[in-house]
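All figures in this text were calculated on a predicted structure; none of them were measured in a lab. Only heavy atoms go into these numbers, but all of them, side chains included; no hydrogens, no water, no symmetry mates.
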Amino acid sequence: MEQRLTIVGLGVNNLEVATKFYEEKFGWKKTKASNDSISFFQLNGVLLSLYPSEKLAEDATVSAEGYGFKKFSLAYNTRSKEEVDDLIIELEAKGVKIVKRPEAVFWGGYSSYVADMDDNLWEIAFNPFLQLDDQGNTIHE
């Protein structure tokens with residue numbers, strides 16, 4: 001199996017509301033492959049898909065019941081601490097739920113957490129040990 005990630009699929013409670021969150025709060029644009037049943041957002045090399053939770057669970061043949069901490073987060077890395085601060089100010093002004101304010105963290109970086117409409121956690125972080133190219137992809141040396 002090749003070492004890669006193609007799509008991150010999030011189960012959402014309300015597809016229309018979740019899609020508007022990513023369009024209006026994050027300022028992202030859906031791809032042409034999106035339709036009334038699923039929304040896709042092209043990120044830098046990975047697709048983010050939003051799909052109704054019940055249908056996602058049905059497709060995976062698992063229970064749709066779930067609660068509490070989801071045991072994962074998504075990360076948006078920035079090129080500076082200031083960019084973290086600026087993004088959090090911008091997102092808060094748009095009504096995005098700020099879970100953790102920006103702060104220096106134990107691993108040597110600077111991070112904050114926000115949540116989408118379904119409480120999926122997004123870490124907004126500056127990692128001084130991680131270089132990004134012009135498209136926001138990590139540079140591996």
Side-chain angles (χ1 to χ4, degrees), residues 1-140:
M1 180 173 180
E2 293 178 23
Q3 189 169 316
R4 67 173 159 192
L5 177 65
T6 310
I7 299 173
V8 172
L10 296 180
V12 298
N13 292 321
N14 183 311
L15 182 61
E16 184 179 344
V17 170
T19 299
K20 283 183 181 179
F21 175 91
Y22 284 91
E23 289 177 318
E24 295 174 3
K25 308 298 184 184
F26 282 15
W28 293 357
K29 293 179 176 38
K30 292 186 298 185
T31 70
K32 291 180 183 177
S34 300
N35 57 53
D36 291 340
S37 300
I38 192 166
S39 294
F40 290 107
F41 296 89
Q42 179 65 57
L43 307 182
N44 55 320
V46 175
L47 277 175
L48 175 68
S49 72
L50 306 178
Y51 194 61
S53 296
E54 304 82 30
K55 292 184 181 204
L56 185 60
E58 180 182 325
D59 186 47
T61 67
V62 298
S63 171
E65 297 302 314
Y67 56 90
F69 179 54
K70 298 176 184 188
K71 300 184 182 179
F72 79 94
S73 67
L74 302 161
Y76 181 97
N77 283 76
T78 66
R79 292 177 179 82
S80 69
K81 291 179 183 180
E82 294 77 22
E83 189 178 349
V84 172
D85 291 334
D86 292 346
L87 275 173
I88 295 304
I89 290 167
E90 178 183 328
L91 293 171
E92 188 170 34
K94 292 179 178 180
V96 174
K97 179 180 176 183
I98 308 301
V99 176
K100 179 183 131 186
R101 295 253 165 231
E103 64 180 43
V105 289
F106 70 94
W107 49 265
Y110 185 76
S111 77
S112 178
Y113 280 86
V114 301
D116 70 8
M117 301 305 291
D118 292 282
D119 284 330
N120 292 302
L121 294 174
W122 280 88
E123 180 185 29
I124 310 295
F126 169 64
N127 183 338
F129 312 107
L130 185 69
Q131 287 186 293
L132 302 178
D133 67 15
D134 291 341
Q135 290 77 40
N137 297 303
T138 57
I139 298 172
H140 306 282

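The minimum heavy-atom distance between Val105 and Tyr110, with the atom names listed, is CG2-N, 3.9 Å. Taking each heavy atom of Gly108 and Pro128 in turn, the nearest pair found is O-CG, 3.3 Å. Among all heavy-atom pairs drawn from Gly9 and Leu56, the shortest one is O-CD2, 4.5 Å. Nearest heavy atoms, Ser37 versus Pro52: O-CD, 3.5 Å. Ser53 approaches Gly11 most closely through the heavy-atom pair OG-C, 3.1 Å. In this structure, Ile7 and Ser49 approach most closely via the heavy-atom pair CG2-OG, 3.7 Å.
The main-chain N or O of Lys100 is found under 3.5 Å from a side-chain atom of Ser112 such that the two form a donor-acceptor pair. Of the possible polar contacts, one joining the Thr78 side chain to the Ala125 backbone as a donor-acceptor pair under 3.5 Å is found. With Arg79 contributing its side chain and Asp133 its backbone, the two residues share a donor-acceptor pair below 3.5 Å.
Note: Trp122 and Trp28 have perpendicular aromatic rings, judged against thresholds of 30 and 60 degrees for the angle between ring planes.
Under the salt bridge (Lys or Arg N to Asp or Glu O under 4.0 Å) criterion, Asp118 pairs with no residue, sequence neighbours left out.
Considering CD1 of Ile88 and CD1 of Ile124, their distance stands at 5.0 Å, rounded to 0.5 Å. Here the straight-line distance linking atom CG of Leu10 with atom CG of Leu15 works out to 11.5 Å at 0.5 Å rounding. For the atom pair OG (Ser34) and CZ (Phe41), the distance works out to 6.5 Å, reported to the nearest 0.5 Å. The distance from atom CG of Asp85 to atom CZ of Arg101, rounded to the nearest 0.5 Å, is 10.5 Å. If you take CG on Asn120 and CZ on Phe72, they are separated by 4.5 Å, rounding to the nearest 0.5 Å. Separation of atoms NZ (Lys81) and OG (Ser111) is listed at 11.5 Å; rounding is to 0.5 Å.
Taking a 6.0 Å sphere around NZ of Lys70, one finds it holds more than 12 heavy atoms contributed by other residues, nucleotides or ligands. Heavy-atom neighbours of Glu103 CD from other residues, nucleotides or ligands within 6.0 Å: above the threshold of 12.
Just one of Asp119, Leu121, Val114 meets the side chain to side chain contact (heavy atoms under 4.5 Å, CB included) condition when paired with Lys97; it is Asp119. When each of Leu43, Leu74, Leu47 is paired with Val8, the side chain to side chain contact (heavy atoms under 4.5 Å, CB included) condition holds for Leu74 and for no other. Under the salt bridge (Lys or Arg N to Asp or Glu O under 4.0 Å) test applied with Lys20, the options Glu24, Glu16, Glu23 reduce to a single match, Glu16.
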When you look at Leu132 and Thr138, which way does the side chain to side chain contact (heavy atoms under 4.5 Å, CB included) test go after all the steps?
CA-CA 5 Å; Leu132 302 178; Thr138 57; 4.1 Å; yes
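Ser39 has its side chain out of reach of Tyr22: every pair of non-hydrogen atoms, C-beta onward, lies at least 4.5 Å apart. Taking the side chain as every heavy atom from C-beta outward, Asn127 and Trp107 approach each other to under 4.5 Å. Between Met117 and Asn13, the closest side-chain pair of non-hydrogen atoms is not below 4.5 Å. Annotation: side chain of Phe40 is not in contact with side chain of Lys30 (no heavy-atom distance under 4.5 Å).
Judged purely by distance below 3.5 Å, without hydrogens or angles, the side chains of Asn137 and Asn44 pair a donor atom with an acceptor atom.
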